[in-house]
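Contents: one structure, followed by commentary.
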Number of protein chains: 2
Amino acid sequence: MPRRTSLRGIDLAQIRTACSTCSLHELCLPAGLDATEMERVDQVVKLRRRTKRGDYLYRAGAELDSLFAVRSGFLKSCVVYEDGREQVTGFHMMGEVVGLDAISQERHTCDTIALEDSELCEIPFARLEELTREIASLQRHFHRIMSREIVRDHGVMLLLGSMRAEERLATFLINLSQRFASRGYSAHEFHLRMTREEIGSYLGLTLETVSRVFSRFQDDGLIEVNNRHIRIQDVARLRGLVGQPPHE
Amino acid sequence: MPRRTSLRGIDLAQIRTACSTCSLHELCLPAGLDATEMERVDQVVKLRRRTKRGDYLYRAGAELDSLFAVRSGFLKSCVVYEDGREQVTGFHMMGEVVGLDAISQERHTCDTIALEDSELCEIPFARLEELTREIASLQRHFHRIMSREIVRDHGVMLLLGSMRAEERLATFLINLSQRFASRGYSAHEFHLRMTREEIGSYLGLTLETVSRVFSRFQDDGLIEVNNRHIRIQDVARLRGLVGQPPHE
DNA sequence: CGCGCTGTTGAAACTTGTCAAAGTTTGTGG
DNA sequence: CCACAAACTTTGACAAGTTTCAACAGCGCG
């Protein structure tokens, strides 16, 4: 981590120009914005927000002020039921936008919590709406982001509704692998930021089952597990697991 | 059903003014549109589309042209996995909008099929985007509709991820009941438009389990089941089921 | 009026959850 | 920097819920 030694003014300037210089802006922003448009986007996206591991980005019930784009780090969202039951609805990494559920009632419907120290760009929603009315490509992009979330959720529903434990975990690992890969990280070796319990909650399994299936995968030579460090040894066979009847 | 005897021109006029006279426009449209704005909406919403039971409204992979608002009838959406497994992702009734998943890739990602003869308003998406850029309240409303779908999906994830069969079915019945009630129909007596298998697919259960739980509910005096006709006899106890550990 | 789709019910099998115990890692305070 | 506590992970044995397989009943459409 480079230490921040710059003067305050310089820091601010650096942060303000975030979007135009941000290396992952193709994930948040549409291609082909001209300089004027990019300038306006930069003005809307507020200062970065830093969260430490365990911090809440927002809680269910809180008023919607801003959406957040993950710049670095890793977070989870979870809905909490009246009786205290908790369901992790998603894990978020760099380039992804969180808070979309809050638009419906102008209140957040889930908690979003940092699983490691993270940096986020805060996007005041009211100003984003204004801007999307004026920049068609930005509007289109925003609609795509919302729709993508719906598609992702349908995928999770398929997983929860009709896959067995092994398939769920295989799907989960493949999905993580792809997301890391598309961000320039290794596709076959990565670090899990979440506990077995959080994985289990997301996949509709208990932590014990998650642990057991990891062990079984390891015994079968599909992956190598060292605590939270995962090394995928046989992607093809892992993929092959998905869509297979109970005992192949 | 009133028979259509009017001339073609008159019919068209009647259909064109659909939105401004539609009895459920508060479900599709924001409150407080002025006459000019309403006029513009009317022009964007194309002719109604009628589908018969079993018809596909669209199929996964088809290009996105329009979103559809359900005017009458009942439909289901389902994602189909490579291996042929099918997951019902939602049931749609009057006042609801379908097709939102397609915005992401400009292609539909699920099949949407009429479970009974239905009427839909076709909303060309490109023109809707234009209009939402010009009418802020319409834009806001559209964002809300997308966000509401995300919230709904998270609810289903909670259901699939952490509820037992009885809770799932109770939740399902309560949800249907509320949706019928908010549309002016009976909250405690209604007709299921879908098979046990479709309910099972939506809830991540087999059709046998759905059937068994219905029978158990009936034995316990919670509901009365006559094939697809449901009569809720004890809403309170049905609600109480949700959030209860295995054997209360 | 009968064939097929849909729904019900039973018994057995299987997957996953629950409970319990022990091992391991991580974080914190002395 | 070490030590201890807390949190996390693994593994086993057993219980429970759900699925699977199978047979039969019923309704509805042609």
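The sequence lines fix the lettering, A, B, ..., with proteins before strands; numbering per chain opens at 1. Everything numeric in this text was worked out from a predicted model, so none of it was measured. Reckoned from all heavy atoms, side chains included, excluding hydrogens, waters and symmetry mates.
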Could you please name the option among D:dT18, D:dT9, C:dT8 that lies closest to any side-chain atom of A:Leu207?
-> D:dT9
Check: [X]/[Y] side-chain N/O donor and acceptor closer than 3.5 Å:
X        : Y        : answer
A:Glu63  : A:His108 : no
B:Ser77  : B:Thr89  : no
B:Gln233 : B:His188 : no
B:Ser201 : B:Gln87  : no

For a quick test of reading the model: is some side-chain N or O of [X] closer than 4.0 Å to OP1 or OP2 of [N]?
X        : N      : value
A:Thr209 : C:dG17 : yes
A:Arg228 : D:dC8  : no
A:Ser215 : D:dT10 : no

Polar-atom pairs under 3.5 Å, protein N or O versus N or O of nucleotides 23-30 of chain D: list them with distances, or write none.
none

Among residues 197-204 of chain B, which contact DNA chain D at a heavy-atom distance under 4.0 Å?
-> B:Gly204
Restricting to nitrogen or oxygen on both sides, can you table the protein-nucleotides 12-15 of chain D pairs closer than 3.5 Å?
| unit_1 | atom_1 | unit_2 | atom_2 | d |
| --- | --- | --- | --- | --- |
| D:dG12 | N7 | A:Arg212 | NH1 | 2.9 |
| D:dG12 | O6 | A:Arg212 | NH2 | 3.4 |

Compute both the distance and the angle, then confirm whether B:Arg183 meets the cation-pi test with B:Phe180: under 6.0 Å from the six-membered ring centre, within 45 degrees of the axis.
-> no
